[in-house]
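Step one of this worksheet: look at the structure below.
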Amino acid sequence: MGRGSGVLRFLNDKKNGLSNKRLSLLNMTQYAEKIVREEVARILKNAGLNPVELKAGLGTPPSPELGDYSFNCVLLLRDRRSPEAAAAKAKDLAKRLKPKKYVTKIEVSGPYINFFIDKAKFSALVLREIWTQADSYGNWDLGAGKTVVVDFSSPNIAKPFGVGHLRSTVIGNSICKLYESLGYTCIGINHLGDWGTQFGKLIVAYRKWGKEKQLKAKPVQQLYDLYVKFHAEAQKDKSLEEEARDWFRRLEDGEQEATRLWRWFRDISLKEFRRIYDILNIHFDSYAGESFYNSMLPETITKLKTAGLAQESQGALIVDLERFGMSPCLLRKTDGSTLYATRDIAAVIYRFNTYGFDKMIYVVGADQKLYFRQIFKVLELVGYPWANDLVHVPFGLVRFGTGRMSTRKGNVIFLEEVFQKAVDLTEKIIEEKNPDLEDKHEIATQVGIGAIVFNDLSTKRMKDVDFSWDRMLNFNGQTGPYVQYTYARFSSVLRKYGRQVDDNVNLSLLNSDMETEIVRLLSRFPEAVKHAADEYEPSVVTIYLLDLCEASNRFYNHFRVLSEDLETSKARALLVWCIRTVLGKGLRLLGMETPKRM
RNA sequence: GCGCCUGUAGCUCAGUUGGAUAGAGCAGCGGACUUCUAAUCCGCAGGUCGGGCGUUCGAGUCGCCCCAGGCGUGCCA
């Protein structure tokens, strides 16, 4: 079966920390924010501070009026108990610091030394950088020559695509885009849940209650009904489970009737899934699901046996993991059929041989944390050095009403229904606000789907989410449509500007607090991208975009871009162009469309 | 029982990896469209950061112990 809808955490985190440090030496990318921060660091270094002190003390003041960068002098004292001593130290040190290049002013405030950056120079640096790099702004070369494989979405064939599966799909897709942005080659794999006992259940249900005509007319609905009915009936009649396991065994033995039904179920389901991926505009490099690895299972089991890991226990084949504080990893059931873990182990070996990955990411629900710790440990014990490059990226579950969503119990919300409602509502809003808009349906699709995707990516992935139509269909405030609206609005401004935007502008005309704040935010985008990828956390990007939109809309409401003064218009147009470029890039990193009108 | 995750404003969430006065949105109240898209913006109000103890010059952030909710803990995936 697939990944469900659903710790090597420290191990992996530790490893990433190391590898990132090593990689950063190779990284040639120099962003404006970094250049300026290093200028501040150099001033401090020239006053005799060592790198450790610098790294610990260098920060950002809580408010821009205090400065752009700060250094906390408390850290330079051995005895840190006296605030007066810290303030004295700050005064003393500040005397030896001289403004230079980007740094115009150095001020002492209590124990802090605050550095002020030349706004015009900094704006020039940031805006020219975005201007020249355009859609590449925010990219890194940290992953040049490296490959990352991402296993995501991975729905169960023969089950409807519910909102629970959406999480793995959109988080995984965004992680792919983020890693591509870091310079990695990214292979997206949809590890379809197209094998397992569930097919035994479906075969039993279909033979007992199924109708060919109905299945052909509404395939996924019908398979879903059969699946639910099976579990309802199995409550009363325990022998059904037995029967299902037997049919799965027959499937594994390659019996004709079982194989025929399995293939049929698989084909009609996959067709439906592809439609959903088309709507989301998500593509996979491989649809190799669980069944793909069947031929490799005997070899996999042999390998684990010869490594001295696999052993018989209570009639099943297991890898004992007790000394690592984990329950055993099951490879083969008493009846001889294989399990999820066996297929995953075969899959990752195949993937390494095929793609030679430097990192392999599994975007699968948090309920499978222990499971991934188990198989990662097994692979480590076999002796694969790349076992350390496997990362499970868990996320919280989607809950609906009282319990979690469960296909078995029949309380799932079909993704298509969610899509439908979102697009319908968007069309209604467009009809109200912008009735003359061309391509209404296409824009409504982009915005409606965007709302759903953004909603799923807007909180830290480990939080459980309570499904709520209200939240899903709210288009005001911190939402996808808000970001897309901002993008469309600035696109519109540039359209009406009518001239070519160019970077030959007087940047001192952009010195209001609002504009400075926007430039500051724009300069932080590359770091946000890197942070999001490092943490496997697309929400870093969504939160960033919301901040940028808030600052930008404030600016929009306060100033006119198309003003009477041509020089001012030119400068603001460049700023708007940069905002729009970064918003567009950010939206694409989330897997969202960038409508130019809405 | 044990392990992991979550707990911040009425609701949904941020919080730059331990630093200066904890920030947004929604909901509520009050404002701003003959001017570049009002899916926007501005203002007001809203807090014992689940609780306690500890480490530290300094804790929403780190440690320990509780509390609440969730997930997992051998023949599902």
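Residue numbers start from 1 in every chain, and the chains themselves are labelled A, B, ... in the order their sequence lines are given, proteins ahead of strands.
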Tell me the partner of B:A68, counting only Watson-Crick (N1-N3 plus N6-O4 or O6-N4) or G-U wobble (N1-O2 and O6-N3) with both under 3.5 Å; none if nothing fits. B:U6
Counting Watson-Crick and G-U wobble pairs only, both distances under 3.5 Å, name the nucleotide matched with B:G46, or none. none
Ion pair check, [X] and [Y], cut-off under 4.0 Å:
X      : Y      : value
A:E537 : A:R461 : yes
A:D335 : A:R249 : no
A:D534 : A:K530 : yes

Residue-phosphate contact under 4.0 Å: [X] side-chain N/O, [N] OP1/OP2:
X      : N     : result
A:R461 : B:C5  : no
A:R554 : B:C42 : yes
A:K333 : B:C76 : yes
A:K463 : B:G7  : yes
A:R332 : B:G74 : no
A:S492 : B:U37 : yes
A:Y482 : B:C41 : yes

Can you check the [X] [atom1] to [N] [atom2] distance for me, whole Å?
X      : N     : atom1 : atom2 : value
A:L397 : B:G70 : CG    : P     : 12 Å
A:Q311 : B:C75 : CD    : C1'   : 15 Å
A:K89  : B:C57 : NZ    : P     : 18 Å
A:K460 : B:U12 : NZ    : C1'   : 16 Å
A:H392 : B:C4  : NE2   : C1'   : 12 Å
A:Y340 : B:G72 : OH    : C1'   : 14 Å
A:D335 : B:G74 : CG    : C1'   : 14 Å
A:I443 : B:A39 : CD1   : P     : 15 Å

With heavy-atom distances below 4.5 Å as the criterion, would you say the side chains of A:L202 and A:F230 are in contact? no
Distance between [atom1] atoms of [N] and [M] (Å, rounded):
N     : M     : atom1 : value
B:A9  : B:G18 : C1'   : 25 Å
B:C11 : B:C66 : C1'   : 27 Å
B:C5  : B:C64 : P     : 11 Å
B:G60 : B:C2  : C1'   : 29 Å
B:G30 : B:A22 : P     : 29 Å
B:G25 : B:G43 : P     : 9 Å
B:C49 : B:U61 : P     : 10 Å
B:G74 : B:G70 : C1'   : 23 Å

Does the protein touch nucleotides 19-33 of chain B at the base, only the backbone, or not at all? Give it as B, S and - per nucleotide, heavy atoms under 4.0 Å. BB---BSS-------
With sequence neighbours left out, which residue pairs that include part of residues 315-326 of chain A fulfil the salt bridge (Lys or Arg N to Asp or Glu O under 4.0 Å) condition? none
Of the options B:C13, B:G74, B:U37, whose atoms approach the side-chain atoms of A:T459 most closely? B:C13
Out of B:C76, B:C36, B:A39, whichever nucleotide has its closest atom nearest the side chain of A:K433: B:A39
Qualifying side chain to side chain donor-acceptor pair (under 3.5 Å) pairs, either residue in residues 64-78 of chain A, two or more places apart: A:E33-A:Y69, A:S63-A:E65
Under the salt bridge (Lys or Arg N to Asp or Glu O under 4.0 Å) rule, collect the residues that match up with A:K596, sequence neighbours excluded. none
Using salt bridge (Lys or Arg N to Asp or Glu O under 4.0 Å) as the criterion, list what pairs up with A:K421, not counting sequence neighbours. A:E417
Can you tell me if A:E38 has over 12 outside heavy atoms packed within less than 6.0 Å of its CD? yes
Is A:I430 touching bases, backbone alone, or none of the nucleic acid, heavy atoms closer than 4.0 Å? base
Where each residue is assigned the nucleotide of RNA chain B containing its nearest heavy atom, which of A:K496 and A:I543 is assigned the position nearer the 5′ end? A:I543
Residue whose nearest RNA chain B nucleotide is more 5′ - A:V540 or A:S327: A:V540
Syn or anti for B:U17, with syn set at within 90° of 0? syn
With syn defined as a glycosidic torsion within 90 degrees of 0 and anti otherwise, which applies to B:C33? syn
Let's test your reading of the model: under 3.5 Å, does the base of B:U17 pair with the side chain of A:H531 as donor and acceptor? yes
I'd like to know if A:T197 reaches the base of B:C76 with its side chain such that a donor and an acceptor end up less than 3.5 angstrom apart. no
Set of ring-ring contact (aromatic ring centres under 6.0 Å, His included) partners for A:F152, sequence neighbours left out: A:F284
